[in-house]
Amino acid sequence: MDLFGSGLPNGAIGVPAWPELPAEARAALTSLMTQLILDHAAMTATPPAKGVDHDL
């Protein structure tokens, strides 16, 4: 999985490339990012409208 592209972002001197990180670090970061995205999606999801009656 290539999360950050093949090149270094501007100003990221000395930062290791994704494949250079230990497998444990990649797994931990992937897990943390997944949780962050899911938490954000849960907070920003539009709640169902209350009081809306679909019975005709």
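This structure is a prediction, so every number in the text was calculated from the model and none was measured.
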Under the criterion side-chain contact (heavy atoms from CB on, under 4.5 Å), which of Asp39, Ile37, Leu32 is the partner of Gln35?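 Of the listed residues Asp39, Ile37, Leu32, the side-chain contact (heavy atoms from CB on, under 4.5 Å) partner of Gln35 is Asp39.
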Of all residues at least two apart in sequence or in a different chain, which pass the side-chain hydrogen bond (donor to acceptor under 3.5 Å, both in side chains) check with Glu24?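 Glu24 satisfies side-chain hydrogen bond (donor to acceptor under 3.5 Å, both in side chains) with no residue once adjacent residues are dropped.
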Using atom types as modelled and distance alone, determine if a side-chain donor or acceptor of Ser31 lies under 3.5 Å from a backbone N or O of Ala27.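 Answer holds: no.
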